[in-house]
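Worksheet: the structure to be examined is printed underneath.
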Amino acid sequence: MKRGLAVLVATLLFTVAATPSRDYRRSLKTHTRQLNVHQGFETALIMRATLLTESFRREYADARRDLTGTTDEDHADFVRRNAEDAAVYHEVVFSSDSPKPGHSFGSTDDGWIVRLTADGQDQALVSVHEVDKPTTVQRALFTHLNIWSELWIARFASTVPAPARVEMHVGSGYGNGSLLWEL
């Protein structure tokens, strides 16, 4: 009986230690939107997207440090790189699931076209790429990634610093929709 209780307590402690903080999970929920695109009676796309605002990037960095136990130097470097990226890009980390052919993202008709506006101004797509093998940290921190979806990162040039409204538009021959963040 004592051994079973010890195993249960150890399992619970490991589970708690291996998950992001409640504050981070709340922030992730606040910064994440979901889009479902339907074609007739079929689902053409399920997308869950997280906008990496400056405040979210700080929480993301702290959650990463808490999970991995990195050194102060590594954490400071990660925070610095995130601040530099935030000054230059609007970034969206998203998971997507689609049974349709052409499940890619970009600015052409051969997949899903993605574009972003900040306070109504178009922001140029710099890059969008699929994360081939998400790390354990990415899986722990972007919990919208599941066994049916792929993880993607889209970068858009930032010509509007600290916008009040960000909208990402997604469309293809199967349909279209938008994700909206009012900050």
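Values below: every heavy atom of this structure, side chains too, minus hydrogens, waters and symmetry copies. We count residues from 1, following the sequence as given.
Shown here for Leu67 and Ala140, the closest heavy-atom pair between the two residues is CD1-CB, 3.8 Å. Nearest approach of Val37 to Gly177, heavy atoms of both residues: CG2-N, 4.4 Å. Nearest heavy-atom pair, Asp23 versus Glu59, reported as atom, atom and distance to 0.1 Å: O-OE1, 3.8 Å. Shortest non-hydrogen contact noted between Ser107 and Leu125 is N-CD2, 4.0 Å. When all heavy atoms of Ala118 and Val160 are compared, the pair lying nearest together is O-CG2, 3.7 Å. Minimum interatomic distance between Val128 and Ala154 (heavy atoms only, all atoms of both residues): CG2-CB, 3.9 Å.
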Evaluation steps, side-chain contact (heavy atoms from CB on, under 4.5 Å), between Arg139 and Leu151: CA-CA 9 Å; Arg139 288 185 181 282; Leu151 189 65; over 6 Å; no
Step-by-step salt bridge (charged side-chain N to carboxylate O under 4.0 Å, His left out) determination, Arg57 to Asp62: CA-CA 9 Å; Arg57 286 173 185 271; Asp62 290 344; over 6 Å; no
Candidate pair Val166 and Thr117, rule side-chain contact (heavy atoms from CB on, under 4.5 Å), full reasoning: CA-CA 6 Å; Val166 174; Thr117 59; over 6 Å; no
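The main-chain N or O of Gln39 is never found under 3.5 Å from a side-chain atom of Glu42 such that the two would form a donor-acceptor pair. No donor-acceptor distance shorter than 3.5 angstrom exists from the side chain of Thr32 to the backbone of Lys29, with no hydrogens or angles considered. At least one donor-acceptor pair closer than 3.5 Å links the side chain of Asp119 to the backbone N or O of Ala164. For Ser98 (side chain) and Lys100 (main-chain N/O), a donor-acceptor pair under 3.5 Å exists by modelled atom type. A side-chain donor-acceptor contact under 3.5 Å links Trp181 to the backbone of His31.
Sorted by first then second residue, the salt bridge (Lys or Arg N to Asp or Glu O under 4.0 Å) pairs that include residues 147-163, not counting sequence neighbours, are Asp85-Arg155, Glu91-Arg155.
Under the ring-ring contact (aromatic ring centres under 6.0 Å, His included) criterion, His75 pairs with no residue, sequence neighbours left out. Under the rule for a side chain to side chain donor-acceptor pair (under 3.5 Å), the partners of Ser95 that lie at least two apart in sequence or sit in another chain are His144. By the ring-ring contact (aromatic ring centres under 6.0 Å, His included) test, Tyr60 pairs with Phe78, Phe142, sequence neighbours left out. Residues satisfying the salt bridge (charged side-chain N to carboxylate O under 4.0 Å, His left out) criterion with Glu182, sequence neighbours excluded, are Arg165. For the salt bridge (charged side-chain N to carboxylate O under 4.0 Å, His left out) test, residues two or more places apart in sequence or in another chain that qualify with Asp77 are Arg80, Arg81. By the ring-ring contact (aromatic ring centres under 6.0 Å, His included) test, His103 is found to be paired with Phe105, residues two or more places apart in sequence or in another chain being considered. Among residues two or more places apart in sequence or in another chain, the salt bridge (charged side-chain N to carboxylate O under 4.0 Å, His left out) test is passed with Asp97 by none. With sequence neighbours left out, the side chain to side chain donor-acceptor pair (under 3.5 Å) criterion links Thr68 to no other residue. Residues meeting the salt bridge (charged side-chain N to carboxylate O under 4.0 Å, His left out) test with Asp122, sequence neighbours left out: Arg115.
Defined by atom type and a distance below 3.5 Å, a donor-acceptor pair is missing between the side-chain atoms of Gln123 and Ser158. Judged purely by distance below 3.5 Å, without hydrogens or angles, the side chains of Asp74 and Thr71 never pair a donor atom with an acceptor atom. Side chain to side chain, Glu84 and Asn82 fail the donor-acceptor criterion of an N or O pair below 3.5 Å. Between Trp152 and Ser96, the side chains place a donor N or O and an acceptor N or O closer than 3.5 Å (distance only, hydrogens not considered).
Within a 6.0 Å sphere centred on CD of Glu130, heavy atoms belonging to other residues, nucleotides or ligands number more than 12. When the shell of 6.0 Å around CD of Glu73 is examined, it contains 12 or fewer heavy atoms from other residues, nucleotides or ligands.
Atom CG in Asp109 sits 9.0 Å away from atom OG in Ser172 (nearest 0.5 Å). Distance check: Leu179 CG to Leu35 CG gives 5.0 Å after rounding to the nearest 0.5 Å.
Alongside Ile147, the hydrophobic cluster contains Trp148 (criterion: ILVMFWY side chains under 4.5 Å). Other members of the cluster containing Tyr89 are Val88, Val126, with ILVMFWY side chains joined at under 4.5 Å, either directly or via other members.
In this structure, Phe156 has its ring center at least 6.0 angstrom away from the ring center of His90.
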